[in-house]
Amino acid sequence: MGDHEVRYFVIPMIVVFILGIAAISGLVSPVTGFLIVGLIAILTGTVCGWLVIGIKWCVSFFHNWKEHRTVKKVITVPKR
């Protein structure tokens with residue numbers, strides 16, 4: 001995983017963390033609320049990051065498969 005792909009993990013994590021901190025109510029102790037928000041942010045960042053990387057992998061796999069299939073068709077054309 002390259003440095004540019006880390007953003008798919010970090011950006012959703014930061015957004016969820018900031019929104020979660022803003023939404024903490026006074027019903028739960030501050031430490032518990034902070035830990036819950038942190039855990040949810042980490043899980044969200046992890047799921048979003050792997051989802052994006054999985055989609056990129058699938059797109060590149062089908063693109064390579066399509067190119068390979070096209071090259072096979074060109075090579076198998078009978079010569080005169």
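Both Ile18 and Val10 are members of a single hydrophobic cluster when ILVMFWY side chains are connected at heavy-atom separations under 4.5 Å.
Across all non-hydrogen atoms, the minimal contact from Gly45 to Pro12 is CA-CB, 4.3 Å. Residues Val37 and Val16 share a closest heavy-atom pair of CG1-O, 4.5 Å.
Considering only heavy atoms from C-beta on, Lys56 comes within 4.5 Å of Tyr8 through its side chain. When side chains are defined from C-beta on, Phe34 counts as touching Phe17, because their heavy atoms get closer than 4.5 Å.
The OG atom of Ser60 lies 10.5 Å from the CD atom of Glu67; values are rounded to the nearest 0.5 Å. To the nearest 0.5 Å, the span separating CG on Leu51 from CD1 on Ile55 amounts to 4.0 Å.
Of the candidates Ile53, Val47, Val52, Thr44, Ile53 is the only one forming a side chain to side chain contact (heavy atoms under 4.5 Å, CB included) with Phe9. Screening Ile42, Leu43, Ile36 for a side chain to side chain contact (heavy atoms under 4.5 Å, CB included) involving Ile40 leaves a single residue, Ile36.
Ring centroid separation for the pair Phe61 and Trp65 does not come in under the 6.0 Å cut-off.
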